[in-house]
Amino acid sequence: MALTLAALVAERPLGLRVRAAEAGLDRPIGWVHPTELTDPQAFLEGGELLLTTGLALDETTSPGYIRRLVDAGVAGLGFGVGLSHESIPRSLVDTAEEVGLPVLEVPRKTPFIAITRAVSRAVAADEYASLVRTGKGQQELTRTAVGKGGPGGVVRKLAKLVDGWVLLLDSAGAVTEAAPSSARPFADEVRDDLARLRAGTLVTVAGEYEVVLQTLDTRARGVLVVGTREPLDAAGQHIVNTAVSLLSLALEQKREHVVALRRLRSGLCDLLAAGQAELATRTMKSLWGGVPEAPWSVLAVTGPAGGRRSLADALDAEVSGEQVFFGESGQFVVAFGDVDTVARQASRIGGLRAGLSDPVSTVDFPIGLRQAKQAAEAAKAERAPLVRFAEHAGRGFLEMVDSQAAQAFSDSLLAPLRQHDETGRGELVASLTCWLEHHGHWDLASARLGVHRHTLRNRMRKVAELTGRDLDSPGVRAEFWLALQVSART
């Protein structure tokens, strides 16, 4: 901590006395500068303790002299007595009191060099303490970064080292790490400043905190936000810069690791799709410790590339290899296992559409993948969040047939049955529908209709007689089923 005027006065061997503006003694001393110039502004940087014997000063010139020192930003004035002046000019003391510039009386027996040495020792000690603090902080941050703490550990350690709060924001400005967790709301307070920050550092204020925003040196633009009650000193700035470097490296390494893992996942999906289930599952077990239990319902998610990346990012953070496996296959994110988790994440991201296959064994994964992709394409066409292949397959053939031609075929085939039903002599259309739904099972269909199975047999013979079709033929049954489905949709 820098030496203050009060601490300098407290060094009894110097014999300094406060003659003006005692309230300003808490000012730190940046350096000491002896001069007899009446206007030394050109040689000052601000923060100095200026020493003079007042060789060119008197009651008339002293007020202007004091005001020039205030303009130069000096910390205080040490006035040596017993040489040019037996005492400090009254006008100098009064003006200094008025403008708040501390004035210290330096006795004849105290050489200016003694004051310079005292300040030099303090400055050197302060710089050494700052260097030690910087080195210690850098070591602690580095140890945390290379340990198991990761980026979150670095953020928590940095918050302790600067005695403040720290946020790590991603490229969208969302909080990925916070220390303490109660600091998350500060992200909203610096949102406008974040929008102005392109690269480098920006200093702003949030409530009672001075806030430093600094971009990370990564391809995925991130920002480190540090809030402290007092402005960061040199050591604090060095520590923050170290944290920025370590976080940039850690996040870039993590990104490369994630990219490599995603490529591996995609390669395993390709192996499964190529029928290499044994090799693929063995690799999954060695890398992730397990494989989702079969049978698998395969989920395929399609949509904009950015949306698929966001889904993969969310799944990286949420799922484990034993619960659900996901990868990429062409323009699809493919998953199997706990696919409800994947579907839920996909529904939160705009523009994504999903398709779900029937349950398949590991060796039948290619079939499941094909079904899932077909269902996803159907979901995309219908703008539905999710389509199951079972539903899609049930209506798939009808969607491929020209609607007018299908309607004409249905009307032609079912017309004799409808005419018969209008006479009140039976319910041939309903009976045929129920019989086909139960795959020609007489007992199940008759029980569902509430008639004797012989009655149902008589009705099916009547259907065959009126239409001239053989109901024992699978093709004929398919034609009747198609006609009934078209009729049900109109």
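We count residues from 1, following the sequence as given. Both backbone and side-chain heavy atoms feed into the values below; hydrogens, waters and symmetry mates do not.
Under a 3.5 Å cut-off, the side chain of Ser297 and the backbone N or O of Asp358 do not form any donor-acceptor pair. For Thr176 (side chain) and Leu168 (main-chain N/O), a donor-acceptor pair under 3.5 Å exists by modelled atom type. When atom types are taken as modelled, the side chain of Asp421 and the backbone of Val429 share a donor-acceptor pair closer than 3.5 angstrom. No donor-acceptor distance shorter than 3.5 angstrom exists from the side chain of His438 to the backbone of His441, with no hydrogens or angles considered. Side-chain N or O atoms of Gln138 include none that pairs as donor or acceptor with a backbone N or O of Lys136 at under 3.5 Å. No side-chain donor-acceptor contact under 3.5 Å links Asp364 to the backbone of Ile367. Within the 3.5 Å criterion, the main-chain N or O of Ala7 finds a donor-acceptor partner in the side chain of Thr4. Remark: side-chain polar atoms of Ser412 are not paired, donor with acceptor, to backbone N or O of Phe409 under 3.5 angstrom. With Ser357 contributing its side chain and Ala372 its backbone, the two residues share no donor-acceptor pair below 3.5 Å. Within the 3.5 Å criterion, the main-chain N or O of Arg383 finds a donor-acceptor partner in the side chain of Arg353.
For Thr302 and Lys373, the side-chain atoms include no donor-acceptor pair closer than 3.5 Å. Counted by atom type alone, Thr455 and Asn458 present zero donor-acceptor pairs between their side chains at under 3.5 Å. Checking Gln237 against Asn241 by side-chain atom types alone, no donor-acceptor pair falls below 3.5 Å. With hydrogens and angles left out, the side-chain atoms of Ser473 and Asp470 include no donor and acceptor closer than 3.5 Å.
Looking at residues two or more places apart in sequence or on another chain, you find no side-chain contact (heavy atoms from CB on, under 4.5 Å) involving Ser347.
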Practice item. Quick one: do Val291 and Phe325 satisfy side-chain contact (heavy atoms from CB on, under 4.5 Å)? Show the steps, please. Key: CA-CA 7 Å; Val291 179; Phe325 181 85; over 6 Å; no
Take Phe480 and Leu436, measure what side-chain contact (heavy atoms from CB on, under 4.5 Å) needs, and give me the verdict at the end. CA-CA 9 Å; Phe480 273 116; Leu436 291 174; 3.9 Å; yes
What verdict does the side-chain contact (heavy atoms from CB on, under 4.5 Å) test give for Leu3 and Val123, after you've listed the backbone C-alpha separation in whole Å, the side-chain angles of each residue and the deciding distance to 0.1 Å?
CA-CA 7 Å; Leu3 181 71; Val123 170; over 6 Å; no
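For Arg191, the CZ atom is densely surrounded, since the number of other residues' heavy atoms within 6.0 Å is greater than 12. Within a 6.0 Å radius of CZ in Arg477, more than 12 heavy atoms belonging to other residues, nucleotides or ligands are found. No more than 12 heavy atoms of other residues, nucleotides or ligands shown are found within 6.0 angstrom of CD on Glu427. No more than 12 heavy atoms of other residues, nucleotides or ligands lie within 6.0 Å of CD in Glu230, so this atom counts as exposed by the packing criterion. Around CG of Asp192, the count of heavy atoms belonging to other residues, nucleotides or ligands within 6.0 Å does not exceed 12.
Shortest non-hydrogen contact noted between Gly164 and Thr228 is CA-CG2, 4.3 Å.
In this structure, Trp442 and Trp435 have tilted ring planes: the angle between them lies in the 30° to 60° band. Ring-plane geometry between Trp165 and Tyr209 is classed as perpendicular, the angle between the planes exceeding 60 degrees on a 0 to 90 degree scale with a lower cut at 30.
Counting only heavy atoms from C-beta outward, the side chains of Leu386 and Leu356 approach each other to under 4.5 Å.
Under the 6.0 Å distance and 45° angle rule, Arg265 counts as a cation-pi partner of Phe326.
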